[in-house]
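These numbers come from the heavy atoms of this one structure, side chains and all, not from hydrogens, waters or symmetry mates.
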Protein chains: 2
Amino acid sequence: MKRGPYAKGAAKREEILSVALEVVAVKGCRKASNREIAERVGLTQAGLMHHFASREELYQEVLRARDIRDHEMFFAPDPTIEGFFAVIAHNAEVPGLVRLYVEFSAEASIPEHPAHAFFLERYAWLRDGLSGVIHRAQDSGTIGPAVDVSAAVDLLVAAADGLQLQWLNDHAVDMVARLRRLWEGIVAVSHAA
Amino acid sequence: MKRGPYAKGAAKREEILSVALEVVAVKGCRKASNREIAERVGLTQAGLMHHFASREELYQEVLRARDIRDHEMFFAPDPTIEGFFAVIAHNAEVPGLVRLYVEFSAEASIPEHPAHAFFLERYAWLRDGLSGVIHRAQDSGTIGPAVDVSAAVDLLVAAADGLQLQWLNDHAVDMVARLRRLWEGIVAVSHAA
DNA sequence: GTCTATAAAAGGATAGAC
DNA sequence: GTCTATCCTTTTATAGAC
């Protein structure tokens, strides 16, 4: 149990982040409202705005918290391709998170959006991690030298994003199996002349 | 010049579809409003609702019109992988369309959404077309027999979707080059044991 | 930290005139 | 086919009390 002046506020914050996902999971990001989220955590809408100044900040912080947790669980100390697959596998357990990510990142692709910078930084961070994965796989000999790392990373990220959209439409889509196949293709080509 | 009782209505409809894209291009799909679209075509919001009964129907019809046009331009009579690349290359010329597609398809991934069925059918249609492409490439010997067609199609569609999101965030992303690389990988693996 | 109250705006939709 | 007028709903956000 945490103590100190911020313990209660922090706990409420966590609760909000978690409940936001439940609402988004069933209503979608566009139709989810701060009011409903607030009421589900036993607050009024005004009460919720004390913790998050805007709808956009709330959603951004949900995703940021996810990234921190995933990083600790699956990537520390060094990212591997299996860790990447594990993140995706874990995503299939949290539909609200996938929906929020797909919908909110699309919404935020407009440069003026409050969360635009967040997603740009996140992309850079993700690309960095995956580049490291490929380079280490080259060092260990798993993967050959003939790879355009940048192109491979773009494809992995794009496929992961696109597969999440497919998965939202049909939970039978096996995101990890598809990504593994892509990875195998990258490995195969990397050994070619 | 078209004649007949529907000529004017049809022309106005086309104009609305086109202007909707301009608005979505700069405001994004979430912030775009029927009112603004209506005013830009010289109508009131109520006037616009005569042509499209709801926001969702309007956006759905924009995308449907796009698909019909793309199909005529790039896929008739038979789809090829180059036609697929040509569609993507063309997308890079119409940012509003890409933004609408990415944002609206994400929004519509919720089963209750009015456009949900549209996107499901579109997926099936797209998958069909790409499956045909692969099978014909096999017949002509371009591609080997060792392909899981379904998996390859999933990856192509996912990558195309994900790359469009990347491209929205950074127009320097070369969607076609990335997709070509994916295709080359699929071709390479298809010749493996 | 949370509430009440309220603003203020905007959105989508409809009825009925022309 | 389009407008006027209007409705109703919903949303985010703020001010100030407790």
[X] [atom1] to [N] [atom2], straight-line distance once rounded to whole Å:
| X | N | atom1 | atom2 | value |
| --- | --- | --- | --- | --- |
| A:L48 | C:dT2 | CG | P | 10 Å |
| B:R55 | C:dA13 | CZ | P | 9 Å |
| B:E15 | D:dG1 | CD | P | 15 Å |
| A:L58 | D:dA13 | CG | P | 11 Å |
| A:H113 | D:dT12 | NE2 | C1' | 14 Å |
| A:I16 | C:dG1 | CD1 | C1' | 11 Å |

Non-hydrogen side-chain atoms of A:R13 and A:E61 separated by less than 4.5 Å =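 They are in contact (side-chain heavy atoms under 4.5 Å apart), so the answer is yes.
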Take B:A53 and A:Q45, find for each the nucleotide of DNA chain C with the closest heavy atom, and name the residue whose nucleotide sits nearer the 5' end.
->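 Upstream on the strand: A:Q45.
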Does a side-chain N-to-carboxylate-O contact under 4.0 Å join [X] and [Y]?
| X | Y | answer |
| --- | --- | --- |
| B:E57 | B:R64 | no |
| B:K12 | B:E15 | yes |
| B:R35 | B:E39 | no |
| B:E82 | B:R180 | yes |

Of A:R99, A:R30, A:H113, which meets side chain to side chain contact (heavy atoms under 4.5 Å, CB included) against A:F104?
->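 The passing option is A:H113.
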Could you check which of D:dT12, C:dA15, D:dA15 has an atom nearest any side-chain atom of A:A46?
->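 The answer is D:dA15.
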Listed nucleotide nearest any side-chain atom of A:M49, set D:dT14, C:dA13, C:dG12 |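 Closest nucleotide among those given: D:dT14.
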Determine, step by step, whether A:R127 and A:S150 satisfy the side chain to side chain donor-acceptor pair (under 3.5 Å) criterion, reporting the C-alpha distance in whole Å, the side-chain angles of both residues, the deciding distance to 0.1 Å, and the verdict.
-> CA-CA 8 Å; A:R127 291 182 48 85; A:S150 194; 3.1 Å; yes
Would you jot down, in residue-number order, the residues of residues 31-40 of chain B having a non-hydrogen atom under 4.0 Å from DNA chain C?
->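 The stretch gives B:S33, B:N34, B:R35 as the residues lying under 4.0 Å from the strand, ordered by number.
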May I ask you to verify if any side-chain N or O of B:H50 is less than 4.0 angstrom from the OP1 or OP2 atom of C:dT14?
->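 Answer no for this pair, as no side-chain N or O of B:H50 is under 4.0 Å from OP1 or OP2.
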According to a strict under-4.0 Å criterion, is A:T44 in side-chain N/O contact with OP1 or OP2 of C:dC3?
->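 Answer is yes, contact under 4.0 Å.
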